[in-house]
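Below: one structure, written as structure tokens.
Numbers restart at 1 for each chain; the letters A, B, ... are given by sequence-line order, proteins then strands. Predicted model, so just to flag it, every value in this text is computed and none were measured.
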Amino acid sequence: MAAVIPSRLTALTRLRCSIFQTSYNPTSVRTGAKYLRARLRGPSMVKYYPAVINISQLARQYPSLELVNEDEEQRLQDIEDRKKRGKGAPKKAKTKGTFYNSLGSQLLSIILFLNS
Amino acid sequence: MPNIRVLRDIKARHGVRANEIARRAYLYVARNQSLPPQVRHQAQLQLNTFGRYTRPTTVKNRCSETGRGRGIMSEFALCRFQFRLKALKGELNGIQKASW
């Protein structure tokens, strides 16, 4: 078999690219085309979990239907029960860090006393 | 009611869908070696400004019943135990317990 001239081979590749509508890229430069070519994955990602009906939202939208969100009612009931047994969440603090504030003022008074 | 991890995953999925096209465009510019380096660098910096819930890698398939993150059969969106329970109840079409 006769040896093929390299220039003929490159011409063949270029012709092949024009026929099959692919981009001629003999040096394999990264063009980033694969990010444009790939299919979008978002639409199928969103469909993974089955749709859940939001009862509380429905009840807010249509107050005339008088829907009852049983899970929410149960949760509130449980909190009430826990409070009755003295196991509820503690009340929120009205002032932040009262302990350290008082400590600071005491230290200040001592320093003032020593200086005088 | 889905647990917080599932809700976060749903949020990530919606974020990915909303930002996918813009991210792809920036990726194309940043990875394109035929463009000037300054432009590519700018595109990469823009990519870094996208939030956590816009990257497709933050999305994880979780169990739709329990929210478990491991041992998931993605085809059914169920973890292995929920898959077994549902299969034995006959709620999964075409699935039956093997016996020979």
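Surrounding CD of B:Glu75 are at most 12 heavy atoms belonging to other residues, nucleotides or ligands under 6.0 Å away. In this structure, B:Phe50 places its CZ atom where more than 12 heavy-atom neighbours from other residues, nucleotides or ligands lie under 6.0 Å away. Counting heavy-atom neighbours within 6.0 Å of B:Tyr26 OH, excluding the residue itself, gives a total of 12 or less.
Criterion: ILVMFWY side-chain heavy atoms under 4.5 Å apart, direct or through other members. Under it, A:Leu58 and A:Leu65 are part of a common hydrophobic cluster. A:Val68 and A:Ile55 fall into different hydrophobic clusters, where Ile, Leu, Val, Met, Phe, Trp and Tyr are joined by side-chain heavy atoms under 4.5 Å apart, directly or via other members. A continuous path of ILVMFWY side-chain contacts below 4.5 Å connects B:Ile95 to B:Met73, so both sit in one hydrophobic cluster. Tracing side-chain contacts under 4.5 Å through hydrophobic residues (I, L, V, M, F, W, Y), one reaches B:Val39 starting from B:Tyr28; they form part of the same cluster. Hydrophobic clustering (side-chain heavy atoms under 4.5 Å, transitive across Ile, Leu, Val, Met, Phe, Trp, Tyr) groups A:Leu15 together with A:Phe20.
Taken to the nearest 0.5 Å, the OH atom of A:Tyr49 stands 9.5 Å off from the CG atom of B:Leu7.
With chain A as partner, the option from B:Arg24, B:His14, B:Arg23 having the largest number of non-hydrogen pairs under 4.5 angstrom is B:Arg24. If you tally non-hydrogen atom pairs under 4.5 Å between each of B:Leu27, B:Ile10, B:Val16 and chain A, the highest count goes to B:Leu27.
A donor-acceptor distance shorter than 3.5 angstrom exists from the side chain of A:Tyr48 to the backbone of B:Arg62, with no hydrogens or angles considered.
Contact of B:Asn61 with chain A is made through backbone and side chain together, with heavy-atom distances under 4.5 Å.
For residues 30-46 of chain A, heavy-atom neighbours of chain B at less than 4.5 Å comprise A:Arg30, A:Thr31, A:Gly32, A:Ala33, A:Tyr35, A:Leu36, A:Ala38, A:Arg39, A:Leu40, A:Arg41, A:Gly42, A:Pro43, A:Met45, A:Val46, sorted by residue number.
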